[in-house]
Novice: 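The structure follows.
The analysis underlying the following values was restricted to heavy atoms, covering all of them including side chains, and did not include hydrogens, waters or symmetry mates. Residue numbers begin at 1 in each chain, while the letters A, B, ... track the order of the sequences.
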Amino acid sequence: MRTPPGANFPSLHRSIMSQATSESSRTCYCGELSAEHVGKEVVLKGWMHSRRDHGGLIFVDLRDRAGMAQVVFDPDSLPDGQFEQAHRLRGEDVLAVVGQVRRRDEDKINPNIATGELELHVASFEVLSKADVVPFKIDEHQSVSEDHRLKYRYIDLRRPAMQSSIRTRARVNGAVRRYLDGLGFIEIETPILCKATPEGARDYLVPSRVQQGSFYALPQSPQLYKQILMMSGFDRYYQIARCFRDEDLRANRQPEFTQIDCELSFPTCEEIYEIFEGMMAAIYREAKGIELPTPFPRLTYSNSMARFGSDKPDLRFELEIRDVTEAFASGCEFKVFNTIIEKGGVARALCVPGGAEKYSNTQLKPGGELPAFAARYGAKGLAWFRAEADEGGVVSLTSNIAKFFSDECRAALAAALDAKPGDLVLIVCDKAATAATVLGQLRVYLGGELGLIDSDAFCPCWITDFPLFDWDEEGKRWHALHHPFTAPNPEDLDRLESDPGSVRSLAYDLSFNGEEVGGGSIRIHQPELQQRVFRLLGVSEDEAKDKFGFLLDALRFGAPPHGGIAFGVDRIMMQVMGTDSIRDVIAFPKTQSASCPMTEAPSGVETSQVRELGLRFTPSVEKKLADAADAEAGGGSVT
RNA sequence: GGGGUCGUAGUUCAGAUGGUUAGAACGCCGGCCUGUCACGCCGGAGGUCGCGAGUUCGAGUCUCGUCGGCCCCGCCA
């Protein structure tokens with residue numbers, strides 16, 4: 001545990017107070033007590049973590065941000081009355097203690113804590129703050145529901161795991177700043193009160209009091225500001241920026257989140273990959289002392305979808321998806337497959353090593369574990385085969401549906417998959433996108449179930465050559481896959497209008513152990529091209545002018561080619577800390593319903609505040625508020 | 001908007017098929033204990049079984065509704 005920069009404790013040799021009071025200066029952190037303190041008198045301040053009261057002798061573990069130290073209350077060395085007071089100490093009381101540091105006898109060393117060879121013999125102490133009985137104990141051995149942890153977050157954050165998580169996050173922020181500063185990036189703050197834009201996530205809106213009826217939006221990202229900064233000639237910008245998206249939450253998604261937001265002028269994709277591989281390496285060096293090998297591997301989007309069924313492949317294990325459409329070209333009498341393939345569908349498969357025994361017929365039949373899992377992602381069915389060796393040692397595939405497939409067909413399938421005896425073959429026959437998604441999800445699920453994932457591995461990967469647009473079936477329109485300012489790949493530019501779906505963009509994502517931790521693109525810097533893309537997206541000239549006029553103007557007054565990237569700090573920290581929940585790397589996160597159990601945000605406000613904004617509730621909301629007030633039985637204020 | 005799952009003591013949980021006084025561990029309170037360290041020993045208190053209806057002679061248990069937590073689908077340029 002490093003002494004933080006700026007922590008400036010007085011010398012240990014200053015004259016020591018006989019009495020510990022709030023006035024006496026702390027000499028070191030509990031967790032930093034070390035051999036050099038032996039024989040010296042020190043002042044410690046911290047929380048009473050636990051107490052072992054032997055009647056005639058009391059041991060207390062005193063805890064602070066650096067760790068714990070055992071302090072010993074011995075009636076022979078304490079002023080009158082203090083030993084009796086020590087009996088009354090309770091969990092989480094805040095204490096100042098003065099005393100001499102002693103080395104423990106060999107047989108009394110506690111190997112479980114860093115300061116276990118030492119203890120402080122208390123000469124005097126003061127209770128700086130009495131604690132009520134805490135709602136839950138700060139105890140690694142007992143789990144506490146997340147609800148409670150968030151309601152009493154100040155207590156939860158005292159837990160060593162949370163301390164470590166939050167402090168590692170601070171060090172990562174520092175490492176990022178040092179790295180980017182060193183490369184000439186300029187940290188620039190951008191507004192939180194922004195203009196609402198169409199496209200993209202739902203905005204958090206802030207009503208304007210001064211201009212009633214108008215709204216600001218909180219930034220989904222500083223996207224347009226950072227592009228404008230390139231046109232302002234700053235050349236390299238970054239910001240550790242808070243972003244807001246009013247969408248439903250997930251284990252890896254909060255409504256407000258933090259991005260390392262970057263933009264460069266005159267970049268090539270290669271430069272961007274190199275710079276930010278370096279940044280990720282700096283993060284892992286700082287946080288974990290690990291050297292990430294660079295350059296990171298790259299995969300095109302279409303490759304990644306075909307082989308891993310995802311644009312954020314988990315490369316910590318193999319288990320690749322194979323296309324087996326060809327194997328069914330002849331000798332397959334399975335109507336379902338034939339029909340789908342004739343209509344342009346594909347058959348794709350996972351060949352799961354050792355899966356034949358692991359998964360029973362019950363788990364494989366319709367409605368069973370694996371088909372049910374597949375159905376969640378849109379699969380209409382999941383076909384399977386078990387690979388067995390016959391007497392001659394030749395691999396054959398058996399299944400409840402084997403009779404629909406000729407021997408040749410099954411042999412072709414086994415060959416295409418290089419199936420070994422004991423393997424389980426899972427096949428999805430569907431539209432290419434559905435087959436990819438279903439098998440991609442199954443791949444990750446099976447990777448976990450079969451223990452294929454090396455949790456110590458770090459597998460970053462750039463995903464490149466994303467499509468510029470995808471077709472929104474519901475809205476019957478093209479839709480920007482990344483965002484509307486992403487540059488098309490110049491090689492595909494001539495198809496922009498004729499075949500938009502085939503146009504690749506200059507966008508890239510950084511995938512890390514199956515999670516998208518960053519993404520960006522080279523931007524459009526010609527106003528004409530930007531207009532063409534808006535047109536494709538169904539943004540009329542008037543709307544473009546209204547919503548993005550400032551950008552189109554700025555592009556006309558000398559816009560350098562530019563591009564950038566943004567990284568999700570929260571997701572990177574999840575990877576660094578190895579947690580499954582984004583809430584474990586955020587000091588004050590929100591629940592799934594976007595509320596904060598501690599502060600009870602969001603909450604009602606005074607009627608006058610609402611009126612001032614020129615707003616009124618709909619009748620259904622009014623009714624809900626009135627019902628809630630009734631239930632509270634006599635709560636006088638609004639809501 | 002939808003699916004799943006959970007809600008019982010301060011905390012974490014157990015309470016088959018509905019049936020007498022709802023249990024355990026830790027914590028808490030009181031007592032004892034001079035080398036413990038997830039201290040130990042003895043004793044004790046502590047419950048609106050999330051909330052509201054319903055079925056039933058009888059509901060922690062069954063049904064419906066509702067609120068909240070978590071996971072997921074949709075959504076997240």
Novice: Take the protein atom CG of A:Leu118 and the nucleotide atom C1' of B:G35, then report the distance between them rounded to whole Å.
Specialist: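 So the two atoms are 16 Å apart, to the nearest Å.
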Novice: Distances under 3.5 Å between protein N/O atoms and the N/O atoms of nucleotides 26-31 of chain B, please, pair by pair.
Specialist:
{"unit_1": "B:C29", "atom_1": "OP1", "unit_2": "A:Arg90", "atom_2": "NE", "d": "2.9"}
{"unit_1": "B:C29", "atom_1": "OP2", "unit_2": "A:Arg90", "atom_2": "NE", "d": "3.4"}
{"unit_1": "B:G30", "atom_1": "OP2", "unit_2": "A:Arg90", "atom_2": "NH2", "d": "3.4"}

Novice: Applying side-chain hydrogen bond (donor to acceptor under 3.5 Å, both in side chains), can you list everything that pairs with A:Asp311, at least two apart in sequence or on another chain?
Specialist: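 So A:Asp311 forms no side-chain hydrogen bond (donor to acceptor under 3.5 Å, both in side chains) with any residue.
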Novice: Does one side chain, of A:Tyr237 or A:Gln239, offer a donor that lies under 3.5 Å from an acceptor on the other?
Specialist: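 Short answer, yes.
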Novice: What pairs of nitrogen or oxygen atoms, one from the protein and one from nucleotides 66-69 of chain B, lie under 3.5 Å apart?
Specialist:
{"unit_1": "B:G69", "atom_1": "OP1", "unit_2": "A:Thr591", "atom_2": "OG1", "d": "2.8"}
{"unit_1": "B:G69", "atom_1": "OP1", "unit_2": "A:Ser593", "atom_2": "OG", "d": "2.7"}
{"unit_1": "B:G69", "atom_1": "OP2", "unit_2": "A:Ser593", "atom_2": "OG", "d": "3.2"}

Novice: Would you mind writing out the side-chain donor-acceptor pairs for residues 535-551 of chain A within the sub-3.5 Å range, not counting sequence neighbours?
Specialist:
{"unit_1": "A:Ser540", "atom_1": "OG", "unit_2": "A:Glu543", "atom_2": "N", "d": "3.0"}

Novice: Applying salt bridge (charged side-chain N to carboxylate O under 4.0 Å, His left out), can you list everything that pairs with A:Arg153, at least two apart in sequence or on another chain?
Specialist: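 A:Arg153 satisfies salt bridge (charged side-chain N to carboxylate O under 4.0 Å, His left out) with A:Asp156 once adjacent residues are dropped.
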Novice: So what does A:Asp76 hit on the nucleic acid, given a heavy-atom distance under 4.0 Å: a base, only sugar-phosphate, or nothing?
Specialist: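 Here A:Asp76 touches the bases of the nucleic acid.
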Novice: For the side chain of A:Arg376 and the base of B:C72, is some donor closer than 3.5 Å to an acceptor across the two?
Specialist: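 No such pair is found, so the answer is no.
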Novice: Side-chain N or O of A:Ser50 versus OP1/OP2 of B:A38: is the shortest distance under 4.0 Å?
Specialist: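 No.
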Novice: Please enumerate all residues that pass salt bridge (charged side-chain N to carboxylate O under 4.0 Å, His left out) together with A:Glu199, with sequence neighbours excluded.
Specialist: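 Checked A:Glu199 against salt bridge (charged side-chain N to carboxylate O under 4.0 Å, His left out); matches are A:Arg477.
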Novice: Given B:G35, B:C72, B:C76, which nucleotide is nearest the side-chain atoms of A:Gln70?
Specialist: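 Nearest listed nucleotide: B:G35.
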Novice: Can you find a heavy atom in the side chain of A:Glu515 that is under 4.5 Å from one in the side chain of A:Asn513?
Specialist: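 No, their side chains stay 4.5 Å or more apart.
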Novice: Answer with yes or no whether A:Glu119 presents, from its side chain, a donor or acceptor under 3.5 Å of a partner atom in the base of B:G35.
Specialist: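 Side chain to base: pair found, below 3.5 Å.
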Novice: Which heavy atom in A:Asp203 sits nearest to a heavy atom in A:Leu218, and how many Å separate them?
Specialist: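 Distance-wise, the nearest heavy atoms are OD1-O, 4.2 Å.
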Novice: Between B:U11, B:C33, B:C72, which nucleotide gets closest to the side-chain atoms of A:Phe136?
Specialist: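 For the A:Phe136 side chain, the nearest candidate turns out to be B:U11.
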Novice: Can you tell me which nucleotide in B:C75, B:U34, B:C72 comes closest to the side chain of A:Asp74?
Specialist: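 Selected nucleotide: B:U34.
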Novice: Which one, B:U34, B:C70, B:U11, comes nearest to the side chain of A:Val144?
Specialist: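 Ranking B:U34, B:C70, B:U11 by closest atom to the A:Val144 side chain puts B:U11 first.
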Novice: What pairs with A:Arg532 under side-chain hydrogen bond (donor to acceptor under 3.5 Å, both in side chains), at least two apart in sequence or on another chain?
Specialist: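 Applying side-chain hydrogen bond (donor to acceptor under 3.5 Å, both in side chains) to A:Arg532 gives A:Glu497.
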Novice: For A:Thr579, enumerate each residue passing the side-chain hydrogen bond (donor to acceptor under 3.5 Å, both in side chains) test, keeping only those at least two apart in sequence or located in another chain.
Specialist: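 For A:Thr579, no residue satisfies side-chain hydrogen bond (donor to acceptor under 3.5 Å, both in side chains) once neighbours in sequence are set aside.
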Novice: Suppose we screen for side-chain contact (heavy atoms from CB on, under 4.5 Å). Which residues come up paired with A:Glu117, at least two apart in sequence or across chains?
Specialist: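 Scan of A:Glu117 (side-chain contact (heavy atoms from CB on, under 4.5 Å), adjacent residues dropped) gives A:Arg103, A:Ile109.
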Novice: What's the closest nucleotide to the A:Phe59 side chain, out of B:C37, B:G35, B:C72?
Specialist: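 My answer, after comparing the listed nucleotides, is B:G35.
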Novice: Taking salt bridge (charged side-chain N to carboxylate O under 4.0 Å, His left out) as the test, write out the residues that go with A:Asp107, two or more places apart.
Specialist: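 Salt bridge (charged side-chain N to carboxylate O under 4.0 Å, His left out) check on A:Asp107 returns nothing, list empty.
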Novice: Verify the contact: side-chain N or O of A:Arg253 to OP1 or OP2 of B:G74, cut-off strictly under 4.0 Å; return yes or no.
Specialist: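 It does not, given that no N or O in the side chain of A:Arg253 lies less than 4.0 Å from OP1 or OP2 of B:G74.
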Novice: Check for me: is A:His54 stacked on B:U36 by the 5.5 Å centroid and 30° plane-angle rule?
Specialist: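 A:His54 vs B:U36: stacking no.
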Novice: Which residues in residues 543-551 of chain A have at least one heavy atom lying under 4.0 Å from any atom of RNA chain B?
Specialist: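 Here the set is empty: none.
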Novice: Counting only side-chain nitrogens and oxygens, does A:Asn112 get under 4.0 Å of the OP1 or OP2 atom of B:A38?
Specialist: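 For B:A38, OP1 or OP2 has a side-chain N or O of A:Asn112 closer than 4.0 Å.
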Novice: For a quick check, tell me whether the side chain of A:Arg104 and the base of B:C37 share a donor-acceptor pair closer than 3.5 Å.
Specialist: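 Counting by modelled atom types and ignoring angles, a donor-acceptor contact under 3.5 Å is found here.
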Novice: By side-chain hydrogen bond (donor to acceptor under 3.5 Å, both in side chains), which residues pair with A:His525, not counting sequence neighbours?
Specialist: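 Applying side-chain hydrogen bond (donor to acceptor under 3.5 Å, both in side chains) to A:His525 gives none.
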Novice: Of all the nucleotides listed (B:U12, B:G10, B:G35), which has the minimum atom distance to the side chain of A:Pro135?
Specialist: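 Of the options given, the side chain of A:Pro135 lies nearest B:G10.
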Novice: Could you tell me which nucleotide pairs with B:G23 by Watson-Crick or G-U wobble geometry, both distances under 3.5 Å, or answer none if nothing does?
Specialist: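 Pairing partner, where one exists within any strand: B:C13.
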Novice: Does A:Arg52 make a side-chain N or O approach to OP1 or OP2 of B:C39 shorter than 4.0 Å?
Specialist: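 Affirmative; the distance criterion is met.
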